[in-house]
Amino acid sequence: MKLAKIRFADGTVRVAVVDTDANEARVLDLMQIENCHTLADVLHSPDPAGLANFLIDPNVAPLDLSSVTFAAPINRQEVWAAGVTYKRSQTARMEESESAATHYDRVYTAPRPELFFKGMANRMSGPHEPVRVRADSQWSVPEPEFTLVINPKMKIVGYTIGNDMSARDIEGENPLYLPQAKVYRQCCALGPVIRLANEPLVLEETHITLTIRRDGENVFQDSTSLGQLNRSLEELVDWLGRENEFPNGALLLTGTGVVPPDEFTLEDGDHVTIEMTGIGKLENPVVKDSPSPA
Ligand code: DO4
Ligand code: MG
């Protein structure tokens, strides 16, 4: 089952079950249950699929998916990201950062993974909302990442798509600049739906494809499979939860296995599409302001 936040033309947002085979969304009536107001409340319940089925509003006709727009599927969760979890990311990071190359090499094999805070809902873009390249970056890329939806008990309850926008030049100049390379306004996109984790997902058969279009032409396309991930999902969640509490739950991007070649940088007006087996397609336009005069 897939859950989403759908936005109506008047701006109201409702939680819905999305059925891609039937091409329809069924709105949930959250008011039926006490203390259930948001998508996260459904996700954090003991049985999200059972509760969602129970809450389907019989008084609202199913909506055609082509008439629906999606909002980022997040409420008050913190968004974190793991890094250097695929060989491709390790190699790319070592290339971009001469002085810190050994750190990337070591973190790829170390028991403790790289984990960093990416933001909360205010920094997240939903489908078709802009993602941003920093005006002070000359080398930025999207990072297409399989993203875990985690409840306050640190159980994985769902999966979605994340785009960990990254300024490679800022990160490469000095590893201490990582928060500036990774965390800024519109630095991450999420969506379009959350696939509930009660349905099995075969990692090797789950593919992530990144496509970047410029002026209507594909300028980059590449794929990987979750089978290339160098760590287990449970291991990443376990490290995130150590000495930490997430009373509102968390989303965890699991790292990128697709990196455009070193000569590539995103430009204002580019269009990023991330497609993931069993979840769908996350599409976002790219914006970049002109640098401010010195
Ligand atoms: O170490 C830098 C960040 C790595 C990252 O974001 C990734 O591998 O996806
Ligand atoms: Mg990343």
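In listed order, ligands and their atoms are each counted from 1.
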Within the supplied structure, the quantity of interest is the number of heavy atoms (other residues, nucleotides, ligands) at a distance under 6.0 Å from N122 CG; does it exceed 12?
yes
Between R195 and Y159, is NZ or CZ placed under 6.0 angstrom from the six-membered ring centre and within 45° of the ring axis?
no
Would you call D29 and R14 a salt bridge, using N to O less than 4.0 angstrom?
no
Tell me whether R93 is salt-bridged to E96, with the criterion being a basic N under 4.0 Å from an acidic carboxylate O.
yes
Give me the other members of the hydrophobic cluster that M94 sits in, counting Ile, Leu, Val, Met, Phe, Trp and Tyr linked by side-chain heavy atoms under 4.5 Å, directly or via other members.
V84, Y104, V107, Y108
Provide the protein N, O or S atoms situated under 2.8 Å from the Mg ion (ligand 2); waters are not included.
E143 OE1, E145 OE2, D164 OD2
Please check if the side chain of N163 supplies one atom and the backbone of A189 the other of a donor-acceptor pair under 3.5 Å.
no
Are V272 and V286 close enough, and set up right, to give a side-chain contact (heavy atoms from CB on, under 4.5 Å), and what steps lead you there?
CA-CA 7 Å; V272 176; V286 175; 3.6 Å; yes
Assess whether side-chain contact (heavy atoms from CB on, under 4.5 Å) is satisfied between D164 and K118, documenting all intermediate values.
CA-CA 8 Å; D164 171 26; K118 192 73 184 163; 2.6 Å; yes
Exercise answer: donor-acceptor pairs, residues 52-64 side-chain atoms, under 3.5 Å, sequence neighbours excluded:
| residue | atom | partner | partner atom | Å |
| --- | --- | --- | --- | --- |
| D57 | OD1 | N59 | N | 2.9 |
| D64 | OD1 | N23 | ND2 | 3.4 |
| D64 | OD1 | S66 | N | 2.9 |
| D64 | OD1 | S66 | OG | 2.5 |

Which protein residues have a heavy atom closer than 4.0 Å to any atom of ligand 1, listed by chain and number?
A82, G83, V84, S89, R93, Y104, E114, F116, E143, E145, D164, E171, L178, K182, G255, T256
